[in-house]
J.: 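Quick one: the structure is below, questions incoming.
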Number of protein chains: 2
Amino acid sequence: MKELLLTPESFHLDGRLWLQGPTDRFMGIGRLELLGHIAETGSISKAAQAMGMSYKKAWDLVSSMNAQVNTPLVSTQTGGSHGGGTVLTPAGRQVLEVFGAAQVRFQEFIRQETERLLG
Amino acid sequence: MKELLLTPESFHLDGRLWLQGPTDRFMGIGRLELLGHIAETGSISKAAQAMGMSYKKAWDLVSSMNAQVNTPLVSTQTGGSHGGGTVLTPAGRQVLEVFGAAQVRFQEFIRQETERLLG
DNA sequence: GAGCGTTATATTCAAGAAAATATAACGCTA
DNA sequence: TAGCGTTATATTTTCTTGAATATAACGCTC
């Protein structure tokens with residue numbers, strides 16, 4: 001492989017890491033980034049917009065995440081002076097931190113393996 | 001997260017690792033297992049059957065892999081006493097070994113992270 | 001030359017995922 | 001009460017992927 005078959009200019013190692021629940025995916029890189037944008041913007045619609053994702057898609061993801069745990073990750077509010085909003089709960093912030101750290105370690109793993117396979 | 005939100009009975013960490021080419025995926029766990037079955041059986045059709053995969057699907061994967069490198073991973077032969085067959089080239093055996101080892105290390109990474117997140 | 005098992009390839013069909021569209025509810029403000 | 005931005009939800013449409021089906025070529029054996 002090294003030195004011939006696969007050049008780093010044309011090939012790269014990639015991967016995904018996620019938490020799987022009994023029926024649905026619970027947490028992955030997309031859901032994690034969505035949580036991050038919600039934490040920043042305080043809004044599902046703004047978070048969706050920032051990710052180039054439809055509001056419905058983002059709402060479905062939030063709904064799926066909240067439905068799979070006893071303690072919701074995000075708290076939503078409809079109506080009010082700014083139309084409503086969404087914030088992360090302490091549980092949501094914890095997931096963002098803990099799973100985010102796992103994603104960072106995963107990226108480091110991929111970097112190491114890239115070195116081995118293509119470096 | 002630990003001790004409450006996510007129980008190991010209901011949630012588990014999962015992941016995928018693959019080599020991406022300029023346009024198509026070059027190698028992943030499915031393609032790797034297909035190479036392994038081809039090495040064992042000497043036949044695309046038997047390998048496909050062993051994986052519960054259609055022959056066409058398996059052939060498409062083989063075609064994709066071979067098309068992305070200068071040195072083919074598998075060598076096919078049509079006709080002959082047993083109808084034909086398919087064997088791994090030295091390059092194919094090398095990919096099977098090297099990328100297979102990466103997959104093993106990836107599974108170990110997932111095991112470690114599972115311990116951290118859910119253990 | 002007929003038969004066999006395999007590779008090689010095109011076409012059609014079905015299923016699932018994603019995107020697009022639409023509408024309503026909510027609770028503040030003016 | 002009308003308007004606003006947001007959440008909440010259903011429906012339709014499009015895209016992608018995989019499965020199913022069909023056919024031909026190939027090179028040996030009998």
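Chain identifiers are assigned alphabetically (A, B, ...) following the order of the sequence lines, protein sequences preceding nucleic acid strands; residue numbering begins at 1 within each chain. Quick caveat, the model's predicted, so the values are computed rather than measured. Just so it is clear, the values below take in all heavy atoms, side chains as well, and ignore hydrogens, waters and symmetry mates.
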J.: For every nucleotide of nucleotides 3-12 of chain C, 5' to 3': is a protein heavy atom under 4.0 Å from its base (B), only from its sugar-phosphate (S), or from neither (-)?
T.: --BBBBBBB-
J.: By side chain to side chain contact (heavy atoms under 4.5 Å, CB included), which residues pair with B:R25, not counting sequence neighbours?
T.: B:W18, B:Q20, B:R31
J.: Quick check against the 3.5 Å criterion: does B:T114 have a side-chain atom that pairs as donor or acceptor with the backbone of B:I110?
T.: yes
J.: As an exercise, state the distance from CG of B:L61 to NZ of B:K56, rounded to the nearest 0.5 Å.
T.: 10.0 Å
J.: Under a 4.0 Å N-O cut-off, is there an ion pair linking B:E108 with B:R105?
T.: no
J.: Using whole Å, report how far CG of B:L61 lies from P of D:dA19.
T.: 10 Å
J.: In this structure, which one of B:L88, B:L73, B:L35 forms a side-chain contact (heavy atoms from CB on, under 4.5 Å) with B:R93?
T.: B:L88
